[in-house]
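Working notes, structure below.
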Amino acid sequence: MTMCTIGKSRSPSVALQPADRGGARTMRKFPLRLLWRYKVFVLIGFMLVAAQIFLAYKLLCMPLTGNESTEERDLSRRLYEKYVKKVSPGTDGAHDTNLSLGGEKGTAEAAGRAKESNPNQPHILRLDELDFVPPCELTRKETVSAIHRAKSQSCKAKIVEVACEILAGKFYPQRLPNYCPRGDHSPNRALGCFRDEKNFRILSGYYSTFKTNNSPEKCIRLCLQSGYPFAGVQYGYECFCGDEVPKASAKLPDSSCNIKCPGDPKQACGGYFTINVYETGIRKFAAQSTETVPKHADETVRVAFLLTLNGRAVRQVHRLLKALYSPRHYYYIHIDARQEYLYRELLKLESKFPNIRLARKRFSSIWGGASLLQMLLSSMEHLLYETDWRWDFVLNLSESDFPLKTVDQLVTFLTANRGQNFVRNHGREVQRFIQKQGLDMTFVECDNRMWRIGDRTLPAGITIDGGSDWVCLSRDFARYVTDDGNAQQDELIRGLLRVFQYTILPAESFFHTALRNSRFCHTYTNNNLHMTNWKRQLGCKCQYRHIVDWCGCSPNNFRTEDWDRLQASQHKKLFFARKFEAMVNQAIVLQLEEWIFGPYPADYPNLHSYWQNVYHHEDTAASSGDGALLNVVHSLVRTNGRINMVQLYEPGAVREITHYFERDTYRGFLVRHEATIAPSGVRIELETWISPVVTAKVTRSTPLARRVIHLEVSTDYDEKEQLSRNFPRIIGTNAEPALIFRLAAPLESERVKGANATNYSLTVEWIDPVGTIVATSHFTIEDSPTGPAHSFNHFLKGSKLKLPLAEGIWGARLLQGKALLGATRFLVIASTFDEASVPDRADGGHEPHTHRQVLPIRRGSVANTATSKIRAKERNRNPVGHQSGDRHSDTDTEDHPMQQQLDKLVGQFFTIRETCVVVAVDGVSRTQADGQQFADCKTTSWSSLAMDPKSDIYVESVTSN
């Protein structure tokens, strides 16, 4: 942004002598009479002067970054400032892109220290926190910040190594070759001087200014990078790019372009509406058109489906494979290295299907990480050089994708376009895309984070392109971009791999850029065969800032209300859509299946049910919520043992925990666990269905309170999907709770046409287990009476609460002024799980556990339980506060009083629904054990062992492949 000041001209003043004062009064009256008589002409003159001042201001303050207005500035950079810049004073989460590592231009200010007075001053690297000596002096703010924030010494060393090599000028290639045929275009060839017009520019593709360093070479580099075949310099500091060759009729003598270039005075940079035009060396780019029906009756193509999976949605993956499966095609599956459960379950497919194979070389990928590109290239290498599969196309999918058409329709289309490469372009001007994606910055991946360490200059000589990372590539091009171990890669691919190894979201640009600049440029097809559900108001919440020094956008899941959009794809060349997530909305997947493959039978079992595993005892890596979850589960299993015939069996080890949904409604979680029958000591395995209890109460006392249709406290709130992913609402002592509420849309009688939005000032009171209000948060929500007629979630994190939280029953109240809108209770449980307290053997002894290591943490201190008059008054008026004696007043003298106290608290928030038997041990009948009857889990409708053929790939597929 350029700041300028327009100076005011000053005229010498004439002092009036005392004898002249009477004449001065006469002189003052005369101009006033003239102004009134000629007021129309004066007004016109004033408007002309104002217009000239405005034009002068615009000329002097012309932006340096091109033809973008302030409102059009890049979304990612604004989000980065909005979300990441807000750090506490003194924190090391500081960034400033004005300090570049070899970059040519400054970028928007990123996150910085709150009390930073001079963002351009050098920053000092604290050497005492390093166990090595840096080989160079690093003073760039972003680099120093990344080194300080990195956790491990190996990560710090990697950042230092990259930063020092960049400073030495030997890290990135300065120029890369362009192998795309250029026709009769020659690099840097001057076409001459041409007359330009203000309203009909000769080069109208892109415009930028370089106030101090403009030159033909600089402008040509910019236009070539942006994909334009022609570049032109004008009026000294202006640079224009375009697709069309200038008309011969506009040609002028070279002397007409007579303004010297600021960056090279020996050359001319156009003149007043005269422009020097040059060829950049590339031809005008046009994506290939596609056919729908093969022209010849050739053998149809074979597709290698590359599934890159994460999470635990085994049934959703099975459902996707059922829709895609054909013996003619191939299925190569890469599972994130941290997902043990998913890998174990899908590994079973290899013995049943010879054309399904799991990757053994696995990567731990993060959103935007450079490892995403490494994973894709590694998988393609395996498909090319380590299998005998003869495929023609490789197409990548995730667990969130689902087909819009049959595989046969896809094969027909790809056969008609054999040899083409399907990628999706970003659809905006290239320079804006570069800034949005952060391609002009260096990122280093380590410690499961992408660290932003400074600016960079992209290599000259090539066009930058990008868009979606979901692609469908031909076998020849896949071979071209992968490393086959025989040093066959050319200079272009080697250079691009170096650049994109240190790029955020590299898969969104690498394949596109390689296509545009290689001999495969004529196979570029601007269609990645996907429909993506973009809702940027929800998806651009900078939700990945905990793992990336950047802000990006992510698509939303399709829901039933999006059906019209999916149905509209029938006549388009689209074959897949994303995202779909069964825990968010499974009904849309069912609707899509029946649209493509035909309806399910009316008596199809468990058609609307969905199960997803959340815990398995064989997993070695613990998730952040496992401790609190296991404490609640073991408490409920103990309670279930007392309910069933009074200590009929003693609860044993928990094997699995599974979320259960019915018609897209969370019905609870299922616990598979071992039990011992008393008094025989026979061991069996059971599954118990447990549902959370609704604890919220709404007053309905005010118009706004009557619109509150949902109120809860939970964690893991997903702003993009407007839901809490902590479905059972189990909150650990180290978790940050959030109050979530939903307002119904105003009634039609309340929706005033043309009315302004109403802002409501609300208050949330957080109440600890002894009834004390420990934190109060004030916030404002906007409610538009003319807005969409649907509800919308609001949420407020309990950021003022000090962690760790005290264990016990907490309360939260939502108020509008002094009016109570609603209140709810929530249970806080210890974040760690003490496995030593769980009997594993039939004799009640304990077996050592080596598969999980739980580190002890300090629990929140329980507040003083003194019953002062003030505390007593507060508790009496608190409808949700837990009484102070509930946690510690129990005088039970049995062996485990603490467990009994926990069981009483947990019992207020969860209901035990049913129990079934999974498998009998020691030869005991499946349905009977010492007189106790249990239903067989396979015959129930709710158990995770119930029939679910829609998600069982071993059952005959719905498709006809």
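Just so it is clear, the structure is predicted and the values come from calculations on it, not from any experiment.
Open room surrounds CZ on Arg663; 12 or fewer heavy atoms of other groups in view lie less than 6.0 Å from it.
With sequence neighbours left out, Arg559 forms a salt bridge (charged side-chain N to carboxylate O under 4.0 Å, His left out) with Glu721. Remark: Phe669 pairs with Phe910 by the ring-ring contact (aromatic ring centres under 6.0 Å, His included) rule, at least two apart or across chains.
Asn734 approaches Pro804 most closely through the heavy-atom pair OD1-CB, 3.4 Å. Nearest approach of Pro692 to Gly668, heavy atoms of both residues: CD-CA, 3.9 Å. Closest heavy-atom contact between Lys720 and Pro555: NZ-O, 3.1 Å. Nearest heavy-atom pair across Leu686 and Ala675 is CD1-CB, 4.0 Å. Of all non-hydrogen atoms in Ala812 and Leu739, the two that sit nearest each other are CB-CD1, 4.2 Å. Of all non-hydrogen atoms in Tyr717 and Ser724, the two that sit nearest each other are CD1-N, 3.9 Å.
Side-chain contact annotation: Asp903 with Ser635, donor-acceptor N/O pair under 3.5 Å present. At a cut-off of 3.5 Å, with distance as the only test, a side-chain donor of Ser831 or Thr733 sits close to an acceptor on the other residue. Using modelled atom types, one finds a donor on one side chain and an acceptor on the other under 3.5 Å when comparing Gln339 with Asn310. Under 3.5 Å, the side chains of Gln316 and Tyr610 contain no donor-acceptor pair of N or O atoms.
Atom OH in Tyr341 sits 5.5 Å away from atom CD in Glu656 (nearest 0.5 Å). To the nearest 0.5 Å, atom CG of residue Asp716 and atom CD1 of residue Ile730 are 11.5 Å apart. Expressed to the nearest 0.5 Å, how far OG1 of Thr688 lies from CZ of Phe934 amounts to 8.0 Å. Atoms SG and CG, on Cys553 and Leu538 in that order, are 11.0 Å from each other to the nearest 0.5 Å. The structure places CG of Leu636 at 10.0 Å from NE2 of His673, a figure rounded to the nearest 0.5 Å. Note that CD1 of Ile809 and CZ of Phe826 are 11.0 Å apart. Values are rounded to the nearest 0.5 Å.
When Glu662, His608, Glu581, Arg319 are each tested for a side chain to side chain donor-acceptor pair (under 3.5 Å) with Gln586, only one passes: Arg319. Of the residues Leu805, Val713, Ile731, the one that meets the side chain to side chain contact (heavy atoms under 4.5 Å, CB included) test with Trp810 is Leu805. Each of Thr695, Ile740, Val698, Leu814 was checked for a side chain to side chain contact (heavy atoms under 4.5 Å, CB included) with Thr824, and the lone residue meeting it is Thr695.
Note on ring orientation: taking the six-membered ring where Trp is involved, the planes of Phe661 and Phe727 are perpendicular (angle over 60°, cut-offs 30° and 60°). Between Trp611 and Tyr660, the ring-plane angle classifies as parallel under the 30° and 60° cut-offs.
Screening residues 694-715 for ring-ring contact (aromatic ring centres under 6.0 Å, His included) gives no qualifying pairs among residues at least two apart or on separate chains.
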Should Phe795 and Lys797 be marked as a side chain to side chain contact (heavy atoms under 4.5 Å, CB included) after you check the CA-CA gap, both sets of side-chain angles, and the distance that decides it? CA-CA 7 Å; Phe795 80 102; Lys797 290 185 178 180; 4.0 Å; yes

Would you please test Val693 and Gln908 for side chain to side chain contact (heavy atoms under 4.5 Å, CB included) and show each step? CA-CA 8 Å; Val693 174; Gln908 298 181 47; over 6 Å; no

Going through the checks in order, is the side chain to side chain contact (heavy atoms under 4.5 Å, CB included) test met by Ser761 and His778? CA-CA 7 Å; Ser761 297; His778 303 279; over 6 Å; no

Please step through side-chain hydrogen bond (donor to acceptor under 3.5 Å, both in side chains) for the pair Thr780 and Asn759, ending with a clear verdict. CA-CA 6 Å; Thr780 301; Asn759 291 327; over 6 Å; no

Evaluate salt bridge (Lys or Arg N to Asp or Glu O under 4.0 Å) for Asp952 paired with Lys950, printing each intermediate quantity in order. CA-CA 6 Å; Asp952 189 349; Lys950 69 179 183 302; over 6 Å; no

After noting the C-alpha distance and the side-chain angles of Thr940 and Glu914, does the key distance pass the side-chain hydrogen bond (donor to acceptor under 3.5 Å, both in side chains) rule? CA-CA 10 Å; Thr940 68; Glu914 296 181 42; over 6 Å; no

Between Val906 and Thr639, does the side chain to side chain contact (heavy atoms under 4.5 Å, CB included) criterion hold? Intermediate values first, please. CA-CA 10 Å; Val906 171; Thr639 301; over 6 Å; no

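His617 places a side-chain N or O within donor-acceptor distance of the main-chain N or O of Arg655, the cut-off being under 3.5 Å. Although no hydrogens or angles enter the test, the distance criterion places no donor-acceptor pair under 3.5 Å between the side chain of Arg813 and the main chain of Ala823. Proximity of a side-chain donor or acceptor of Asn585 to a complementary backbone N or O of Ile588 within less than 3.5 Å is detected. A donor-acceptor pair is defined here as one N or O able to donate and one able to accept, closer than 3.5 Å; such a pair exists between the side chain of Asn606 and the backbone of Met947. Remark: side-chain polar atoms of Glu594 are not paired, donor with acceptor, to backbone N or O of Gln591 under 3.5 angstrom. One N or O on the side chain of Asn631 and one on the backbone of Ala830 form a donor-acceptor pair closer than 3.5 Å.
You'll find the side chain of Leu743 reaches within 4.5 Å of the side chain of Val708, heavy atoms only. The shortest side-chain heavy-atom distance between Arg672 and Thr658 does not fall under the 4.5 Å cut-off. Two residues are said to be in side-chain contact when any heavy atoms from C-beta on lie closer than 4.5 Å; Ser554 and Lys579 meet this criterion. Leu566 places a side-chain heavy atom less than 4.5 Å from the side chain of Trp563. In this structure, the side chains of Trp942 and Arg667 stay at 4.5 Å or more apart for every pair of heavy atoms. Residues Val584 and Asp718 form no side-chain contact, since every pair of their non-hydrogen atoms from C-beta on lies 4.5 Å or further apart. The shortest distance between side-chain heavy atoms of Cys937 and Glu685 does not fall below 4.5 Å. Taking 4.5 Å as the limit, every side-chain heavy atom of Glu782 sits out of range of all side-chain heavy atoms of Tyr760.
For Asp936 and Lys938, the salt-bridge test fails: no basic side-chain N is under 4.0 Å from an acidic carboxylate O.
Cation-pi check for Arg729 over Phe909 is not met; the charged atom does not lie both under 6.0 angstrom from the ring centroid and within 45 degrees of its normal.
A centroid separation of less than 6.0 Å is found between the aromatic rings of His634 and Phe833.
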